[in-house]
Novice: 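The structure follows.
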Amino acid sequence: MKVRKAVIPAAGLGTRMLPATKTIPKEMLPLVDKPVLQYIIEEAVSSGIEDILIVTNRSKTAMDDYFDYYPELEHRLIRSGKDEMAHELRAVADMANFFYVRQRETKGLGHAIARARRFIGDEPFAVLLGDDIMMSEKPVLKQLIEAAEKYNCSCVGGQWVSDEMLPAYCTTDLAHVEGRVYDVRHIVEKPKPEEVMSNYAILGRYVLTPDIFDILDALPPGRNGEIQLTDGLAELCHQKRMVYVDFDGRRYDTGHLTGFLEATLDFALKHEETGDWLRNYIKEKAKTL
Ligand code: G1P
């Protein structure tokens with residue numbers, strides 16, 4: 001199994017981050033000096049992905065503009081001696097082959113993924129959710145792709161989450177295989193207390209076989225009246241083998257204000273231009289709190 005294509009659903013209305021996201025797509029909010037979406041794409045590319053489909057909507061053209069060339073700006077930068085930044089901008093657009101499809105109706109994550117059918121054709125593919133930003137030694141998607149290739153099946157990635165957070169995610173019924181890998185027996189989206197099977201949730205990373213498309217097309221609306229990807233995965237894991245990787249790395253939920261601030265701080269602390277400055281600033285600030 002070789003995974004070359006990825007789908008990034010980015011058609012949501014960003015209602016959890018208003019008012020900032022009224023006119024700026026939440027995927028374009030800056031995390032230190034890059035938009036959130038760029039981190040996701042860098043993870044995909046460093047995991048071996050070549051072709052990326054972004055599922056977008058009519059109000060989010062800033063995303064395709066960002067992954068395009070901008071000759072006027074590049075010339076201006078070069079004329080003023082900022083060649084390095086000009087090359088950096090071009091490198092962003094050249095990172096992968098970018099494709100776009102619009103989700104014309106907001107009908108849920110499963111519906112968004114189903115828009116990718118023609119692009120994917122008959123090969124396995126990755127899905128990366130834009131809210132979940134990872135900081136890890138080995139890219140999280142790469143950890144999943146390695147497991148999908150080893151076991152020759154679909155693979156979902158996640159971690160243990162607290163009882164309080166679990167109802168916002170999903171719950172899985174798992175059977176240990178080896179190391180960080182488990183077989184998936186069942187999944188339930190946004191579980192009620194009596195539906196909880198384990199605290200291992202799926203957190204924004206998937207490697208799926210194209211079998212998912214027939215399943216999604218036949219799926220009735222689930223939680224919130226939306227076509228849920230998780231309901232499709234529950235069906236897929238009953239039909240064929242699916243493994244779960246308890247991935248190694250720190251995950252940030254940038255779809256929430258607090259998660260976004262945690263990510264901003266941690267990435268700024270790691271950044272070579274801002275790390276030392278921020279460390280000193282926090283130490284000074286802490287004295288006054
Ligand atoms: C989505 C998925 C859910 C997953 C979560 C975190 O939920 O439906 O299964 O656990 O992302 O990746 P949402 O954040 O869209 O409510």
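Note that the structure is a prediction, hence the values are computed from the model and not measured. Both counts, for ligands and for their atoms, begin at 1 and track the order of listing.
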Novice: Are Y200 and Y169 an aromatic pair, judged by ring center distance below 6.0 Å?
Specialist: no
Novice: Thinking salt bridges, do R223 and D231 make one under a 4.0 Å N-O criterion?
Specialist: no
Novice: Checking side chain to side chain donor-acceptor pair (under 3.5 Å) between S59 and each of N57, T56, T61, which is the one that passes?
Specialist: N57
Novice: Using a strict 4.0 Å threshold on nitrogen-to-oxygen distance, state whether E149 and K2 make a salt bridge.
Specialist: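 Salt bridge flag = no for K2 with E149.
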Novice: Distances for all N or O pairs of ligand 1 and the protein under 3.5 Å?
Specialist:
unit_1: ligand 1; atom_1: 7 (O); unit_2: K190; atom_2: NZ; d: 3.1
unit_1: ligand 1; atom_1: 8 (O); unit_2: E189; atom_2: OE1; d: 3.3
unit_1: ligand 1; atom_1: 8 (O); unit_2: E189; atom_2: OE2; d: 2.6
unit_1: ligand 1; atom_1: 9 (O); unit_2: E189; atom_2: OE1; d: 2.7
unit_1: ligand 1; atom_1: 9 (O); unit_2: T230; atom_2: OG1; d: 3.2
unit_1: ligand 1; atom_1: 10 (O); unit_2: I202; atom_2: O; d: 2.6
unit_1: ligand 1; atom_1: 12 (O); unit_2: D132; atom_2: OD2; d: 2.9
unit_1: ligand 1; atom_1: 12 (O); unit_2: G204; atom_2: N; d: 3.0
unit_1: ligand 1; atom_1: 16 (O); unit_2: K190; atom_2: NZ; d: 2.7

Novice: May I ask you to check whether F119 and F125 place their ring centers less than 6.0 Å from one another?
Specialist: no
Novice: Would you please name every residue forming a salt bridge (Lys or Arg N to Asp or Glu O under 4.0 Å) with E123, sequence neighbours left out?
Specialist: R4, K5
